[in-house]
*Asks:* 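After the structure tokens below, expect a handful of questions from me.
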There are 2 protein chains.
Amino acid sequence: MTENRVGFRYLILGLIAERPMSGYDIMRFLENLNWLIGAPSCGSLYPALRRLLQDGLATVEVVAQGNRPPKKLYHISDEGRRLLREWTEQPSAPGTPRAFAMRLVAANSRSPAELVAELERRKSELAGPLARLGHSLGGPEGDDSGTALALRYARTVAAAEVGWLNDALTRLRGSTPQPLDSATRLQG
Amino acid sequence: MTENRVGFRYLILGLIAERPMSGYDIMRFLENLNWLIGAPSCGSLYPALRRLLQDGLATVEVVAQGNRPPKKLYHISDEGRRLLREWTEQPSAPGTPRAFAMRLVAANSRSPAELVAELERRKSELAGPLARLGHSLGGPEGDDSGTALALRYARTVAAAEVGWLNDALTRLRGSTPQPLDSATRLQG
DNA sequence: AAGCGCATGTAAAAGGTTACATGATTAC
DNA sequence: GTAATCATGTAACCTTTTACATGCGCTT
């Protein structure tokens with residue numbers, strides 16, 4: 001339920017692959033995406049960083065700062081980079097917007113072809129549910145139970161995702177405009 | 001990181017509050033929302049159901065079915081309903097689309113005023129990030145790193161959510177015009 | 001005969017949450 | 001003087017994941 005726990009490890013790895021970060025930096029970064037990805041608690045972040053060190057996936061550089069408490073900058077190691085690459089290359093599992101966004105951030109530096117594959121996978125994951133949501137709810141009228149609201153919310157999010165995926169795919173492919181079908185244009 | 005674990009308990013409670021369900025029914029229902037909420041594994045679902053029984057929040061009715069394995073229908077108890085109500089009444093915490101959707105499903109049967117408060121809270125949670133994402137990315141050009149894609153994805157999702165929230169709020173207020181009380185104003 | 005849908009469960013290992021703990025600096 | 005920011009960490013408790021386990025009926 002909680003969603004692939006290991007994903008968190010790769011998210012950290014992906015972040016420190018772009019630039020060395022401290023635990024605090026990572027928390028700050030993720031707090032900005034709290035509404036989408038969620039931020040880790042100290043109690044999960046710091047042990048996770050230690051595990052990266054123990055597994056040889058990262059190294060640490062202690063930076064003294066005048067008066068402030070010293071900062072520990074984590075750098076990704078070669079082994080870490082290798083593992084991240086390996087994970088990136090295997091196809092992603094179905095999941096929530098959170099998992100999808102996490103993977104985009106974690107697996108930065110991918111080739112356009114890899115990104116296209118990732119986005120296509122997400123698109124195909126959404127196709128079924130979006131179609132079902134499309135005709136299980138006639139229009140915007142009627143029921144205001146929590147469940148009905150949730151389903152309309154779900155339809156809106158799915159439609160927005162598919163719309164974005166189409167745009168992004170078009171751009172990544174360099175200019176092969178895809179005809180937009182009605183399903184992708186649905187609005188709440 | 002994993003997102004409020006307890007939410008799952010209330011999600012189950014909310015589902016069996018609408019109609020009695022078996023563990024298998026719950027899995028089926030959630031598999032349809034796998035792309036948004038995620039589905040629990042057997043290893044988390046069945047123990048969770050047992051805990052509900054142990055805590056007196058649910059009762060079980062065993063239904064024999066010809067040849068098929070017997071089904072266990074879980075019913076919410078009075079105590080379960082009370083606890084669900086209590087949880088529903090306290091303001092929701094910030095979280096991901098998944099957590100938001102889970103709470104909509106779990107806390108079905110709320111008054112329009114309560115729903116308005118819930119939606120306003122989400123809207124205010126999204127306002128800041130959406131504004132930041134709006135001008136940290138000029139337009140749809142440029143960078144195709146995973147992080148840049150993720151941020152544009154985030155902006156799309158946030159914008160869609162806010163659009164839906166505005167529509168839903170208009171409808172909820174239209175059908176039952178509510179004077180603004182302290183609860184709704186609190187969330188700004 | 002193989003695989004899927006129905007239907008429920010268990011166990012070990014791993015990890016997260018919550019709450020606590022420290023301590024200096026800056027801002028109101 | 002009180003709170004917030006920076007910055008890291010620990011420990012008990014609980015939950016999830018992953019894999020295994022069962023067994024019938026139906027379809028290909």
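Labels below follow one simple rule: chain letters A, B, ... track the order of the sequence lines, proteins then strands, and each chain is numbered from 1. In what follows, every heavy atom counts, from backbone to side chain, and hydrogens, waters and symmetry copies are set aside.
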*Asks:* Can you see which heavy atom on A/Phe8 is nearest to which on A/Met102, and at what distance?
*Replies:*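 The answer is N-CE, 3.6 Å.
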
*Asks:* Heavy atoms from C-beta onward define the side chain here; which of D/dG9, C/dT8, C/dT18 lies closest to that of A/Arg50?
*Replies:*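 Side chain of A/Arg50 sits closest to D/dG9.
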
*Asks:* Reckon B/Gly43 touches a base, only the sugar-phosphate, or nothing at all at heavy-atom distances under 4.0 Å?
*Replies:*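 Base, at least one base atom sits under 4.0 Å.
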
*Asks:* Quick check: on DNA chain C, is the nucleotide nearest A/Arg9 upstream (toward 5') of the one nearest B/Val6, or the reverse? Name the residue that is more 5'.
*Replies:*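 That would be A/Arg9.
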
*Asks:* Can you tell me if A/Ser44 touches the phosphate of C/dT17, counting only side-chain N or O atoms and a distance under 4.0 Å to OP1 or OP2?
*Replies:*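 Looking at the OP1 and OP2 atoms of C/dT17, one of them is under 4.0 Å from a side-chain N or O of A/Ser44.
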
*Asks:* Within this structure, what is the CG-to-C1' distance between A/Leu49 and C/dG15, rounded to whole angstrom?
*Replies:*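 Roughly 14 Å, once rounded to whole Å.
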
*Asks:* So which nucleotide from D/dC6, D/dT10, C/dT17 ends up closest to the side chain of B/Met1?
*Replies:*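 Selected nucleotide (nearest to the side chain): C/dT17.
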
*Asks:* Between A/Asp25 and B/Arg51, just flag the one whose closest nucleotide in DNA chain D comes earlier from the 5' side.
*Replies:*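 Nearer the 5' end of the strand: A/Asp25.
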
*Asks:* What nucleotide among D/dA7, C/dG5, C/dT10 has an atom nearest to a side-chain atom of A/Tyr46?
*Replies:*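 The listed nucleotide nearest to A/Tyr46's side chain is D/dA7.
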
*Asks:* Can you tell me which nucleotide in D/dG9, C/dT8, D/dT17 comes closest to the side chain of B/Ser41?
*Replies:*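 For B/Ser41, the side-chain atoms sit closest to D/dT17.
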
*Asks:* Any idea which of C/dG5, C/dG16, D/dT16 is nearest the B/Phe8 side chain?
*Replies:*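 For the B/Phe8 side chain, the nearest candidate turns out to be D/dT16.
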
*Asks:* Do B/Asp25 and B/Ser22 meet the criterion of a side-chain donor-acceptor pair at a distance under 3.5 Å?
*Replies:*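 The answer is yes; a qualifying pair exists.
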
*Asks:* Answer yes or no on whether B/Arg122 is positioned over the face of A/Trp35, meaning its NZ or CZ is under 6.0 Å from the six-membered ring centre and within 45° of the axis.
*Replies:*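 The answer is no, since B/Arg122 fails at least one limit relative to A/Trp35.
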
*Asks:* Answer with base, sugar-phosphate or nothing: what part of the nucleic acid does B/Pro40 contact at a heavy-atom distance below 4.0 Å?
*Replies:*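 Nothing, no heavy atom under 4.0 Å.
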
*Asks:* Which residue, A/Glu61, A/Met21, A/Gln65, forms the side chain to side chain contact (heavy atoms under 4.5 Å, CB included) with A/Lys71?
*Replies:*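 In the set A/Glu61, A/Met21, A/Gln65, the residue that makes a side chain to side chain contact (heavy atoms under 4.5 Å, CB included) with A/Lys71 is A/Gln65.
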
*Asks:* For B/Ser22 and C/dT8, is the shortest distance between a side-chain N/O and OP1 or OP2 below 4.0 Å?
*Replies:*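 For B/Ser22, the contact criterion (side-chain N or O under 4.0 Å from OP1 or OP2 of C/dT8) is met.
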
*Asks:* Of the nucleotides C/dA7, D/dG9, D/dC6, which has the atom closest to the B/Lys71 side chain?
*Replies:*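 When the side chain of B/Lys71 is considered, C/dA7 is the closest of C/dA7, D/dG9, D/dC6.
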
*Asks:* Is B/Arg28 close enough to C/dA7 that one of its side-chain N or O atoms is under 4.0 Å from OP1 or OP2 there?
*Replies:*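 Looking at the OP1 and OP2 atoms of C/dA7, neither is under 4.0 Å from any side-chain N or O of B/Arg28.
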
*Asks:* Between C/dC6 and B/Gln65, is there an OP1 or OP2 to side-chain N/O distance shorter than 4.0 Å?
*Replies:*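 Indeed not, no polar side-chain atom of B/Gln65 lies that close.
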
